[in-house]
Asker: 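Pasting in a structure now, in structure tokens, and then I'll have a few things to ask.
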Amino acid sequence: ELKVEQNPLFLSMQEGKNYTIYCNYSTTSDRLYWYRQDPGKSLESLFVLLSNGAVKQEGRLMASLDTKARLSTLHITAAVHDLSATYFCAAEEGAQKLVFGQGTRLTINP
Amino acid sequence: GAGVSQSPSNKVTEKGKDVELRCDPISGHTALYWYRQSLGQGLEFLIYFQGNSAPDKSGLPSDRFSAERTGGSVSTLTIQRTQQEDSAVYLCASSLHRQELSPLHFGNGTRLTVT
């Protein structure tokens with residue numbers, strides 16, 4: 001059974017700082033996804049990572065995947081308040097069934 | 001509309017009543033999923049439909065939960081004899097077939113409160 005764990009679960013940081021969210025998964029998975037959720041809203045897709053060594057960047061967010069270590073990271077560069085949200089990673093089990101991590105609640109303070 | 005549509009957006013029901021939650025996926029998306037999100041928690045997989053294949057029901061928490069997908073499009077999640085622990089946000093998502101790189105597109109969810 002695939003398990004996905006994120007850390008930290010809560011993260012409070014100052015604007016302008018850099019930080020990384022970690023996502024570990026327990027068994028082989030073909031794909032790794034990152035989603036963002038704002039309070040009271042649904043999930044928005046950020047990245048889909050397909051292969052070992054994959055790196056994708058969008059603005060201040062960069063995601064990477066190491067399939068050998070079963071680890072994905074979401075790196076935030078020079079954080080701004082608008083990035084405050086809950087971030088979820090999800091790994092694929094079987095035919096496109098996604099198993100989600102617990103989520104990381106990110107708060108960015110001015 | 002262009003996105004996944006769910007209705008109702010909010011549902012308050014008494015313990016023991018049955019409820020039906022509806023999901024209209026994005027047109028052309030062959031895969032449809034139901035997830036449940038309890039307050040402050042992650043997403044719990046419930047059920048997955050792919051085309052005409054038999055659905056993956058492995059996440060349904062009890063036999064009080066069932067789901068249908070008619071004509072490969074609209075889906076209904078039914079919860080019978082609701083219990084307080086069923087209170088959660090029920091999220092529906094759809095995507096293109098696996099071979100086409102496609103993340104899940106989520107609806108805004110139905111917030112279910114069982115009193």
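Letters go in sequence order (proteins before strands), and every chain restarts at 1.
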Asker: Among the options A:Ala90, A:Gly40, A:Ser42, pick out the one with the most heavy-atom pairs lying under 4.5 Å from chain B.
Answerer: A:Ser42
Asker: Between B:Leu43 and A:Leu43, is there a side-chain heavy-atom distance shorter than 4.5 Å?
Answerer: yes
Asker: Establish, yes or no, whether a centroid distance under 6.0 Å links the rings of A:Phe100 and B:Tyr35.
Answerer: yes
Asker: Taking B:Leu96 as the starting point, is it possible to reach B:Leu32 by hopping between hydrophobic residues whose side chains are less than 4.5 Å apart?
Answerer: no
Asker: Assess whether atom CZ of A:Arg105 is packed by more than 12 heavy atoms of other residues, nucleotides or ligands within 6.0 Å.
Answerer: no
Asker: Does any backbone or side-chain atom of B:Glu44 lie under 4.5 Å from a heavy atom of chain A? Answer side chain, backbone, both or neither.
Answerer: neither
Asker: Contact between A:Phe88 and B:Gln37 at the side-chain level, heavy atoms closer than 4.5 Å - yes or no?
Answerer: yes
Asker: Using non-hydrogen atoms and a 4.5 Å limit, figure out which bit of B:Leu91 sits close to chain A: side chain, backbone, both or neither.
Answerer: side chain
Asker: Answer yes if A:Leu49 and B:Leu104 sit in the same cluster of Ile, Leu, Val, Met, Phe, Trp and Tyr residues linked by side chain heavy atoms under 4.5 Å apart, and no otherwise.
Answerer: no
Asker: Give a yes or no on whether A:Glu15 atom CD has more than 12 heavy-atom contacts from other residues, nucleotides or ligands under 6.0 Å away.
Answerer: yes
Asker: Membership question, hydrophobic clusters at under 4.5 Å side-chain separation (ILVMFWY): are A:Val80 and A:Ile21 in the same one?
Answerer: yes
Asker: Are more than 12 heavy atoms, taken from residues, nucleotides or ligands other than B:Glu85, located less than 6.0 Å from that residue's CD atom?
Answerer: yes
Asker: Between B:Phe106 and B:Trp34, is there shared hydrophobic-cluster membership here, with clusters defined by ILVMFWY side-chain heavy atoms closer than 4.5 Å?
Answerer: no
Asker: Could you tell me which portion of B:Asp56 (side chain, backbone, both or neither) has an atom closer than 4.5 angstrom to a non-hydrogen atom of chain A?
Answerer: side chain
Asker: Which value, rounded to the nearest 0.5 Å, describes the distance between A:Glu93 atom CD and B:Ser58 atom OG?
Answerer: 7.5 Å
Asker: What part of A:Gln6 lies closer than 4.5 angstrom to a heavy atom of chain B: side chain, backbone, both or neither?
Answerer: neither
Asker: Side chain, backbone, both or neither: which part of A:Phe47 has an atom under 4.5 Å from a heavy atom of chain B?
Answerer: neither
Asker: Donor-acceptor check, side chain of B:Tyr33 to backbone of A:Leu98, threshold 3.5 angstrom: yes or no?
Answerer: no
Asker: Hydrophobic clustering (ILVMFWY, side-chain heavy atoms < 4.5 Å, transitive) - are A:Tyr19 and A:Tyr87 grouped together?
Answerer: yes
